[in-house]
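Below is one structure, written out as structure tokens; comments come after it.
The sequence lines fix the lettering, A, B, ..., with proteins before strands; numbering per chain opens at 1.
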Amino acid sequence: MKRKSPNIISKLLPFAAVMILLVVWQIVCSAGLVPKYLLPSPVDVFKAFISDFRLLMEHALVTLAEAMLGLFAGIVVGFAMALLMDRFEVLYLSVYPLIILSQTIPTVAIAPLLVLWFGYEMTPKILLIILTTFFPITISLLSGFRSADTDTIRLLQSMGADRMQIFRYVKFPGALPQFFGSLRISVSYAIVGAVISEWLGGFSGLGVYMTRVKKSFSFDKMFAVIFLISAASLLLMKLVDVIQKKVMPWEESL
Amino acid sequence: MAELEIRNLSFAYEDADVLRDVNLVLHDREIVCILGASGGGKTTIFNLIAGLLFPGEGRILLNGRDITGTSGQISYMLQKDLLLPYRTIEDNVILPLLVRHVSKKAAREAASPLFAEFGLEGTQKKYPHQLSGGMRQRAAFLRTYLFSGEAALLDEPFSALDTMTKGDMHRWYLDVMEKIPVSTLFITHDIDEAIILSDRVYILSGKPGTITGEVKIGRPKTERRDFALTTEFLEYKKQILELLGRK
């Protein structure tokens with residue numbers, strides 16, 4: 001009971017900080033310190049959000065679909081990579097540095113190439129998302145697999161367990177906390193990846209909407225879509241938390 | 001019925017001989033201890049018997065059958081309880097059965113009557129971290145028993161427990177073994193523990209390690225309560241210390 005009040009405060013603090021920021025922003029705009037065409041006020045942004053709600057939702061649906069498809073494929077690729085590199089030391093030694101190297105290439109540099117190669121449809125977008133999301137998944141799963149307790153593995157070997165069983169009972173469940181940690185990162189990468197790929201070509205999606213409103217200098221709508229993207233990322237991260245609690249019930253009782 | 005025989009066992013890592021010509025026998029329903037200093041090759045003997053290592057020379061026979069280098073034959077309990085934190089106690093103890101491709105349902109059914117036997121009633125659905133050290137150790141014993149009810153290797157099974165819990169666990173362990181006897185070979189560097197629990201004590205010493213002595217503890221295991229306070233106990237202790245060359 002004693003610890004409850006600081007807990008509530010610590011939960012309210014970030015919320016309060018955001019509120020203060022919004023109020024200051026509104027005051028700055030209302031007082032005319034910054035011209036309206038450069039920085040719309042929070043109220044303007046909210047109005048834009050309401051007026052364009054239907055359109056925004058239509059585009060958001062496309063972006064979310066891309067992000068989820070890409071993320072799912074990224075998880076599959078990341079899982080496969082981690083599995084293979086854990087199983088075959090040769091692969092670990094040869095492929096791991098390549099994977100690290102691949103992450104030094106900026107996304108915005110590959111995106112146009114992907115559009116050039118695969119057109120304006122879904123494919124280049126999904127590919128880009130796979131490229132950005134598989135990396136955290138691979139690294140975290142691999143480190144999870146490799147850090148499995150050697151004594152526990154020895155115990156299972158003494159029971160006559162084969163490689164698959166050791167993976168199933170020790171390595172995989174042991175890597176779950178790391179996996180969910182990286183999934184939280186990959187979820188936001190997936191949304192951002194989808195938006196970036198839409199900037200560079202496409203017919204619908206929040207990225208397309210963004211480029212359109214930018215060209216028409218509707219900065220209120222621009223901010224509305226930025227907030228929408230942030231909100232979507234936060235919601236998805238929360239969703240990962242919920243799934244993690246469902247999948248890992250033992251953490252609950254810790 | 002289980003009888004384990006180790007004949008002329010030798011083992012060397014690349015740079016050093018660890019064991020030379022180790023001979024020992026574990027008769028049916030016996031509790032036998034291998035006593036020796038840390039780093040003397042005790043755990044290596046167990047890894048060899050459990051089939052995790054292959055000996056340079058020698059053979060390991062279980063009921064007359066050569067099991068040298070094969071795992072899954074004799075249950076093995078390591079120093080830590082090694083309960084998987086993400087599995088309930090129930091699902092932890094049935095792990096050896098699952099490894100043998102017994103269905104989860106059948107394994108749980110097989111384990112369920114043993115929870116009372118091992119003093120673990122009501123812990124089935126709990127997670128390891130919700131149990132005390134002693135209870136976790138009991139769960140590890142139950143897992144070991146479900147692995148093989150015939151013969152077991154225990155590597156310093158009580159070393160991670162505090163002194164009070166250790167005494168309780170010794171008594172509890174002897175009680176359980178009275179009800180469901182398992183031929184047991186265990187390792188310790190604790191002389192008192194060796195005398196309290198064993199029918200016979202093998203002394204492992206030297207470099208490379210070999211069996212340098214054997215002491216039979218005469219007192220029946222049912223009369224081991226307060227055994228440690230008797231002169232008989234001290235006599236055994238003296239005898240063992242002499243064999244260890246510490247006196």
Side-chain angles (χ1 to χ4, degrees), chain A residues 3 75 78-79 82-83 86-87 89 137 140-184 240-254, chain B residues 43-44 46-54 67 69-102 104 107 125-131 140 143-148 151-157 160:
Chain A
R3 283 182 53 195
I75 292 171
F79 191 84
L83 199 64
D86 178 59
R87 174 67 183 81
E89 191 68 19
I137 304 273
S140 67
L141 276 177
L142 188 62
S143 90
F145 294 160
R146 289 177 77 92
S147 63
D149 180 48
T150 49
D151 278 342
T152 309
I153 292 176
R154 215 152 56 93
L155 176 72
L156 263 93
Q157 281 171 339
S158 81
M159 292 176 186
D162 57 34
R163 239 183 243 280
M164 262 307 292
Q165 289 175 320
I166 288 172
F167 180 78
R168 179 174 165 197
Y169 295 124
V170 183
K171 289 192 168 186
F172 179 67
L176 278 178
Q178 279 111 311
F179 170 72
F180 278 107
S182 66
L183 188 58
R184 223 164 282 134
V240 173
D241 284 346
V242 172
I243 295 173
Q244 180 172 15
K245 284 205 174 109
K246 273 265 178 285
V247 175
M248 301 171 58
W250 59 92
E251 297 260 294
E252 189 81 326
S253 51
L254 275 178
Chain B
T43 299
T44 307
F46 273 20
N47 282 336
L48 287 163
I49 300 174
L52 300 178
L53 291 172
F54 204 87
I67 59 156
T70 42
S71 62
Q73 307 291 321
I74 294 183
S75 61
Y76 188 4
M77 184 166 140
L78 287 88
Q79 289 179 28
K80 293 172 277 177
D81 58 60
L82 295 179
L83 296 169
L84 301 171
Y86 39 82
R87 293 178 83 88
T88 58
I89 296 299
E90 179 177 49
D91 287 348
N92 258 294
V93 301
I94 62 171
L95 202 56
L97 301 178
L98 298 181
V99 166
R100 255 181 260 146
H101 302 289
V102 176
K104 201 165 190 171
K125 303 289 175 205
K126 291 217 163 107
Y127 287 103
H129 66 87
Q130 296 172 307
L131 266 56
R143 182 187 58 203
T144 311
Y145 181 74
L146 283 169
F147 181 165
S148 160
L153 306 171
L154 312 180
D155 189 348
E156 306 204 1

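- Ring to ring, Phe167(A) and Phe145(A) are close: their centroids are under 6.0 angstrom apart.
- Residues Trp250(A) and Pro128(B) fail the side-chain proximity criterion, which asks for heavy atoms closer than 4.5 Å.
- Of the inter-residue distances, the one linking Leu98(B) atom CG with Tyr169(A) atom OH reads 4.0 Å to the nearest 0.5 angstrom.
- Without hydrogens or angle criteria, Arg163(A) side chain to Arg87(A) main chain gives no donor-acceptor distance under 3.5 Å.
- For chain B, the nearby parts of Arg154(A) are the backbone and the side chain; heavy atoms of each come within less than 4.5 Å.
- At a 4.5 Å heavy-atom cutoff, the contact between Pro85(B) and chain A is made by backbone atoms alone.
- In this structure, the portion of Gln165(A) lying under 4.5 Å from any heavy atom of chain B is its side chain and not its backbone.
- Listed by sequence position, Tyr86(B), Arg87(B) are the residues of residues 86-94 of chain B in contact with chain A, using a 4.5 angstrom heavy-atom cutoff.
- Neither the backbone nor the side chain of Leu153(B) has a heavy atom closer than 4.5 Å to any heavy atom of chain A.
- Residues Thr144(B) and Tyr76(B) are not in side-chain contact: their nearest non-hydrogen atoms beyond the backbone lie 4.5 Å or more apart.
- Ser140(A) and Ser182(A) share a side-chain donor-acceptor pair at under 3.5 Å.
- Heavy-atom neighbours of Phe79(A) CZ from other residues, nucleotides or ligands within 6.0 Å: above the threshold of 12.
- A distance-only check finds no donor-acceptor pair linking the side chain of Thr152(A) to the backbone of Leu84(B) [under 3.5 Å].
- Checked for salt-bridge contact, Asp241(A) and Arg184(A) meet the test: a charged N lies under 4.0 Å from a carboxylate O.
- Using a 4.5 Å cut-off between heavy atoms, Leu83(B) does not touch chain A at all.
- Contact annotation for Lys80(B): only side-chain heavy atoms (C-beta onward) come within less than 4.5 Å of a heavy atom of chain A.
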